[in-house]
Amino acid sequence: MSRLDPSLLAGLPPFMGMDQPALEHILEGAKPLRQPKNAHVFRQGEEAHSFYLLLDGYVRVVKLAPDGEQVIVRFIASGELLGIAKAIGRDSYPANAVAAADCVLLAWPSHLWESIVSAHPGFATNTYAMLGERLLETQDKVVELATERVEQRVANAVLKLANQSGRKTEEGTLIDFPISRQDISEMTGTTLHTVSRLLSGWEHAGWVKSSRQKVTLMEGHKLVMVASGQAGRKS
DNA sequence: ACATTAATACCAG
DNA sequence: CTGGTATTAATGT
């Protein structure tokens, strides 16, 4: 068993403002874990035996509707916690978590949650702030789904992804993990057909560039226009 | 070279 | 305009 370096955690949002001994203490209970692309980190309904910190990669959180329909709730980027069912008083996971790219994570057994939180008040406030952020995000998304048209929603989704995980290239901003039209449709409540049509439309206009599992954003401001409903109206 | 899976084209409601 | 099926294109083995 190799020793884990506390500098892995230093500077990450959940551990902001914590000193070296505290980080070492938290790391004692963690074991590293590596998940290949498309592997499940945990499944909806499963007993929440562990909680996780994503060190590298991306995982998508997918909610399964009773009829088998899938909805992508959010993407988790590196440095974020996931599977913290215990923090909201649950003992089963509320959704599936799937590696969107090859991932490396740290896993803690869930029973350590209580002791870590009570031993480290800074960690507690950080994670509750994070939960609050996520709550606001999902509220915004509800409003979006209820009030905006499809083109606005997918424009928003693309912008969000580019913003959250964009990598600069000569072409523009590349979303640096594999993303299919199906994925985008599951984020925005449409079908892959509509997403495909919109994306190729924008590609002809020169606003984005897309190929299999890849989307690069070239003219972000144009998409912002679409997202705000100021463009693309047709009759 | 083949099988698998994503993206687009095509067609129907 | 949306949703389903077929065809084509890309990717992994």
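Everything numeric in this text was worked out from a predicted model, so none of it was measured. Naming convention: chains lettered A, B, ... in sequence-line order (proteins, then strands); numbering from 1 in each chain.
- Contact check on A:Glu137 versus A:Arg74 returns a salt bridge, with a Lys/Arg side-chain nitrogen under 4.0 Å from an Asp/Glu carboxylate oxygen.
- Atom-to-atom, CG of A:Asn38 to P of B:dT4 comes out at 16 Å; the value is rounded to the nearest Å.
- Of the N and O atoms on the side chains of A:Arg167 and A:Thr169, not one donor lies less than 3.5 Å from an acceptor on the other residue.
- A:Phe75 has its ring centre no less than 6.0 Å from the ring centre of A:Tyr58.
- Classified by interplanar angle (parallel below 30°, tilted 30° to 60°, perpendicular above 60°), the ring pair A:Phe123/A:Phe15 is parallel.
- A heavy atom lying under 4.0 Å from DNA chain B marks the following residues of residues 175-195 of chain A, by number: A:Ser180, A:Arg181, A:His193.
- Rounded to an integer number of Å, the gap from CZ of A:Arg153 to P of C:dC1 is 15 Å.
- One can place NZ of A:Lys37 at 17 Å from P of B:dT4, the figure rounded to the nearest angstrom.
- Outside the 6.0 Å centre-distance limit, the rings of A:His49 and A:His111 are not counted as a close aromatic pair.
- In this structure, CG of A:Leu198 is placed 14 Å from C1' of C:dG3, rounded to the nearest angstrom.
- Here the side chains of A:Gln152 and A:Ser228 are not in contact, with every heavy-atom distance at 4.5 Å or above.
- Remark: C1' of C:dG4 and CD of A:Glu69 are 14 Å apart, rounded to the nearest angstrom.
- One cannot find a donor-acceptor pair under 3.5 Å joining the base of B:dT8 and the side-chain atoms of A:Arg197.
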